Amino acid sequence: MTLGIDWALPRAILREYNELWIVVITYLSAAVMTSVLTYFFLMLTARLAQEMLFDLRNRMFVHTQKLSVEFHERYTAGRVIARQTSDLESIGELLAGGLNELVIGGMFMFFTAIALLILDPVSFLVLLGALIPLALLTRWFQVKTNRGYRKQRVASSRMIQYFVETMTGIRAVKAFRKEKRNEKHFGGLVEDYRKHNAHLIQLFGIYDPGLIMIGNMTVAVVLLVGGFRVLDGSLGIGVLTASILYARRFFDPMEEIAIFYNSYQSAASALEKISGVLEEEPSVPEPSNPVPFENAKGKVRFEGVQFQYSTGPVVLKKFDLEIPSGQTIALVGTTGAGKSTLAKLISRFYDPSLGRVTIDDIDVREVANKDLRREVVMVTQEAYLFSGTVAENIQLGRPGASLEDVMAAAKAVGAHEFITRLPDGYDTDVNKRGGRVSAGQRQLISFARAFLANPAVLILDEATSSLDIPSERMVQRGLKTLLAGRTAVIIAHRLSTVSIADRVLVMEHGEIIEDDSPTTLAAGDGKFARLYKAWRDSLV
Amino acid sequence: MPQSESSTFKTLMRLVPYAKKAIPRLVLGIFAGIAAHMFALAIPQFLQDLVNSLVAGGVDALIPAVGFIVLLGVMEAGFVLLRRWLVLTPGTHVEAGMRNTLYEKLQDLPVAFHDRWPSGQLLSRAVSDLHLIRRWMSFGLVLFVANFITIVAGLFILFTFSFWLGLIFFVTTVPIWIAGFAFEAKYKVVARLSQDQSGDLATRVEEAVHGVRVLKSFGRGAFAASQFSSQASDLQSTEMRKAKAVANIWLYLILIPELAIGLSMLAGVWLVAQGEMSVGTLVAFFATAMVLRWPTESLGFLLSFTLEAKTATERFFEVMDELNPITDPKSPKQVADPKGLLEFRDVVFRYPDAAEDTAPLLDGVNLRIQPGESVALIGLTGCGKSTLTALTTRLYEVTGGSITIDGVDIREVSRAELRTLIAMAFEDATLFSSSVRDNVLLGNENENEADLKQALEIAQAQFAYELPDGLDTTIGEEGLSLSGGQRQRLALARAVAAKPRILVLDDPLSALDVDTEAMVEDALRHVLKDTTALIVAHRPSTVMLADKVALLEDGKITAFGTHQELLRNSQHYRYVITSLDEEQKEREVNI
């Protein structure tokens, strides 16, 4: 541009156009180069950004899956979801929009400054001086937004948590007319989030014009200083014009960089939250040198085991227990006696506070997770179905199983009949949380899942509570084949299930108070005998 | 192309009612934005005079010119400040307002809607889509209009400098518009795809978190992760398509103005050489052209921003446009002095998405429950018992026939009143994150302490007193985790505490042990003495609670009477309720 005016123009006035052509062609080819390179640059940064985001997403997903049940109970589903959705999005925003802005803007400013230095060092010094207020302003913005974004992330995850809870429990919300109260509460959370947002935006609303102000003042000073020098005759007009243009252009990307900086601050606090999750160590960690564990026999032993939640009271008092391989154990006792906890120690949802749990004399803590889960499967009362077809839900027990295997498993637990009656049979979509499948049917499906998984140790935690009696009958017939040659721990409130057990453990207040075969216990005069009699009486 | 243009416009116009209050400030904000640009444009104007006067050698021209430029600079910054102040706070109000409206709408929509929509999709609409719309409204829209007007004004100024130069500049920029239209068509599609895919991904995350126990007990974490990863990679490639479209438009937006400047330089220098233009004018022309560069380049990202806002708006309205078939009647009737006579007349129900050729799930249910009577509903799993209970509070709406309370059709009373008359306990006990007290008194109008105490006692939920903070202990999602049996007892207490005329209990004792169950049943009997009740049951023990038994079979009530009567007369009943088949009896004998 300067060349155009200071060099080519005087020549052109003399009817010498060669210089003009050179300048124009150079300029045009530079333009083509710039735009084509920008294109590739944009593609490159986008790829980089997407790769990073993809990686982070996966890491986050895998990590939360790895974390123990204890973590999920403490951290709550809503917050984990917030971390994996809105927090990751704000990082995505930064990577998608911000990265190229920063690089382009930064390079642009750098080269503009260099060009100015070469063109006119005095103006360059003026520009350098402008960096002082710039740094001060940025520091102020950084401190303020740092605090603000942290609060905003907390407010946003609260809001998400409440939203998810409402939508998950919509039936109860409606049945108990909680809508109005919810609206008020959610409205409060939304307003809280809005306030934090508005505050942050206002900060940026001061920062951005502040930058413009600094930019404009710099131009004015360059002009003033340069103007005197032109009048001295020590500076060409072309140089002055170019200096002013450069000084002005130096600040052009400032707004974009400010925007980037703003989303950087937002992403930084999101990343802080995310890394909070990523730093969580699974409380049931994978062993670093796992002991090989295959074709387990299923001999389970508790050696001096005691369990309590991190600071809570003792849930299971210190005890020893051996379950020979192939034995079917029934755990009986009031709710809260510690039955589920005992079962969860075998499948390593928790680790014992004292002592150790072994399978085939190997401490479960020394076994790789994937090996342990292959040999020990737990079916719980909450039969969660994932969106997808019925077949896919059963296949979860053994991904890649053929449809024949799936059907065989369903037949074995007596689920086949109702499944074939569904609109699309095994290909029926179970919808959200199995909306279209009854609670009992859900339990049958999760039973089939366990059947398909074919583990050495099977734990059924209230897995038949919602079944009607005919289905239960069917399941029990299936159980006989299923449990043959397998170690099983059955927790059931209905004593009908107990009758198929080889051995009954009665629990109360975290202790095993009776331990014998069902026949012996029923004939005695203990708690089980009493329960058994009550149950017999309730039958028809 | 004009078609899609108008539809983008039309879609975005639908935001107007939500943005009503903010519009005056938005418009002022646009003016402030334009003013800021104008001052930015004016600076080079003065440069022209300055350079010209310096050529003339006038010292006196320098100081005022610098002064002017300082003034203009202050004005520009001032107007940017004003624009932000005007536009941004109301934008957050619009966002919050829309979010609350969406939430209200979602709570109002029937359960059938929620069955159909994964909550991840709802979440991504309520959070990220609205966030995007707000940013667009207070930032994208304002800049878009302001930049557009700046470009037009800038072109006009260029024309006043030199008609020919201006013309060259203008003609060269025409391809930008063509590229812009092509871009719009392409980008709209991928933007929508990407938002939907993020919603799906959110659903996947949600399910994996809620179902983490299942995934863990089967050791399927890695399997779920690979599914997640493949979905995330779909989203990634959609994002790359978006990036490609954006990079493409940037190419044109950078290249074309530069070409225009290059050509103008050629022409400009020639014009000066011909003596048809002053050097100062040429300098000012370029300075102005430079100022136009940013607004022109920004059009690309503003355009993509606008298109994303459009698809986000569409997604928002997909939910808002959903018709709610279950609404309050225009003039709701009151059930004066309710007795609690619950009657089902020829009730037919079919899930809206059930196949046409299948028989309805409920196909002519007739059942009359006298005031104060309790009826156990028995039937095979999946025969529609839970659905029938959900019909009573209009969680789902009957497809045919009617349900009446004291002779009044439930569709003629308001939903709030209906749900005061009837309290439910669901099998999967949903508790909310608040105190035990709040959870149990959820349906109790007066939040009566005595009712709370009584309900906890009836449901055998005294364990609640022993929680760390007693009845003020936070439970549910954010709080202490309770066992299945404990949750179920609190949900039962909640239904009892509501003191309804009619109690509808869906297998309320399934997770209880035999001892506790017996105690709950004893206590419940007192409540049921004068409360009408419909109880879904699987076990004989629960059946004993009720005065009568209704047997649901193939969508109809095929038998109704006392337990003993049905045992005698109904073979299907014996099949459903008798637990001792031959094989088992043998075992029993052995025991």
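A, B, ... follow the sequence lines: proteins, then strands. Residue 1 opens every chain. All of these numbers come straight from a predicted model, not from anything done at the bench.
For a residue to count as touching a neighbouring chain, one of its non-hydrogen atoms must lie under 4.5 Å from one of that chain's; by this rule Val376(A) touches chain B with the backbone only. The parts of Phe204(A) that come within reach of chain B are both its backbone and its side chain, each placing non-hydrogen atoms under 4.5 angstrom from that chain. Within the 4.5 angstrom heavy-atom criterion, atoms from both the backbone and the side chain of Phe218(B) approach chain A. At a 4.5 Å heavy-atom cutoff, the contact between Ala450(A) and chain B is made by backbone and side-chain atoms alike. When heavy atoms are compared at a cutoff of 4.5 Å, Val214(B) approaches chain A solely by way of its side chain, counted from C-beta outward. Proximity to chain A involves both the backbone and the side chain of His93(B), based on heavy atoms less than 4.5 angstrom apart. Contact of Gln441(A) with chain B is made through backbone and side chain together, with heavy-atom distances under 4.5 Å. Neither the backbone nor the side chain of Ser156(A) comes within less than 4.5 Å of any heavy atom of chain B. In this structure, the portion of Arg489(B) lying under 4.5 Å from any heavy atom of chain A is its side chain and not its backbone. In this structure, chain A has heavy atoms under 4.5 Å from both the backbone and the side chain of Leu266(B). Only the side chain of Phe223(B) comes within less than 4.5 Å of a heavy atom of chain A; its backbone N, CA, C and O stay farther away. Of the atoms belonging to Arg220(B), it is side-chain heavy atoms, and not backbone ones, that fall under 4.5 Å from chain A. Both the backbone and the side chain of Lys174(A) come within less than 4.5 Å of a heavy atom in chain B. The contact between Arg84(B) and chain A is made entirely by side chain atoms (from C-beta outward), counting heavy-atom distances below 4.5 Å. Interface residue Val74(B): backbone and side-chain heavy atoms are both found under 4.5 Å from chain A. Neither the backbone nor the side chain of Thr393(B) comes within contact range of chain A, judged by heavy atoms closer than 4.5 Å. With a 4.5 angstrom heavy-atom cutoff, Lys195(A) does not touch chain B via any of its atoms. At a 4.5 Å heavy-atom cutoff, Ser138(B) makes no contact with chain A through either its backbone or its side chain. For Ser86(A), the part sitting under 4.5 Å from any heavy atom of chain B is the side chain, from C-beta outward, and nothing else. Both the backbone and the side chain of Asn182(A) come within contact range of chain B, each with at least one heavy atom under 4.5 Å from a heavy atom of that chain. For a residue to count as touching a neighbouring chain, one of its non-hydrogen atoms must lie under 4.5 Å from one of that chain's; by this rule Glu95(B) touches chain A with the side chain only. If you measure heavy-atom distances from Tyr39(A) to chain B, the contacts under 4.5 Å come from both the backbone and the side chain. Both the backbone and the side chain of Asn58(A) come within less than 4.5 Å of a heavy atom of chain B. For Arg421(A), no part sits under 4.5 Å from any heavy atom of chain B, backbone or side chain. Looking at Ser233(B), both its backbone and its side chain come within 4.5 Å of chain A, counting heavy atoms on both sides. Heavy-atom distances place the side chain of Gln202(A), and not its backbone, under 4.5 Å from chain B. Both the backbone and the side chain of Ala224(B) have a heavy atom closer than 4.5 Å to some heavy atom of chain A. Of the two parts of Thr85(A), only the side chain, counted from C-beta on, holds a non-hydrogen atom closer than 4.5 Å to a non-hydrogen atom of chain B.
Between the His72(A) side chain and the Thr64(A) main chain, a donor and an acceptor come within less than 3.5 Å of each other. Remark: side-chain polar atoms of Gln84(A) are not paired, donor with acceptor, to backbone N or O of Arg57(A) under 3.5 angstrom. Here the side chain of Arg494(B) pairs no donor or acceptor atom with the backbone of Gly443(B) at under 3.5 angstrom.
Using a 30° and 60° split on the angle between ring planes, Phe186(A) and Tyr162(A) fall in the parallel class, below 30°.
Annotation: side chain of Ile469(A) is not in contact with side chain of Val576(B) (no heavy-atom distance under 4.5 Å).
Residues passing the salt bridge (Lys or Arg N to Asp or Glu O under 4.0 Å) test with Arg415(B) are Asp108(B), Asp328(B), sequence neighbours excluded. Under the salt bridge (Lys or Arg N to Asp or Glu O under 4.0 Å) criterion, Lys242(B) pairs with Glu239(B), Glu308(B), sequence neighbours left out.
Looking only at atom types and distance, the side chain of Ser35(A) has no donor-acceptor partner in the side chain of Glu258(B) under 3.5 Å away.
Looking at Lys178(A) and Glu183(A), no side-chain N of the basic residue comes within less than 4.0 Å of a carboxylate O on the acidic one, giving no salt bridge.
Contacts with chain B were tallied for Leu28(A), Leu444(A), Ile25(A); Leu28(A) has the most, counting heavy-atom pairs under 4.5 Å. For the set Pro399(A), Ala220(A), Ser347(A), Ser446(A), the count of heavy-atom pairs under 4.5 angstrom toward chain B peaks at Pro399(A). Counting heavy-atom pairs closer than 4.5 Å to chain A, the top residue among Gly91(B), Ser128(B), Ser386(B) is Ser128(B). Here Leu512(B) is the residue among Thr516(B), Leu263(B), Leu512(B) with the most heavy-atom pairs under 4.5 Å with chain A. In terms of non-hydrogen atom pairs under 4.5 Å with chain A, the most contact-rich of Val246(B), Ile422(B), Thr92(B), Val209(B) is Thr92(B). Taking chain B as the reference chain and counting heavy-atom pairs below 4.5 Å, the highest number among Val69(A), Val332(A), Asp424(A), Thr380(A) is found for Val69(A). Ranking Ala96(B), Ala126(B), Ala77(B) against chain A, the residue ahead of the rest is Ala77(B), based on heavy-atom pairs under 4.5 Å.
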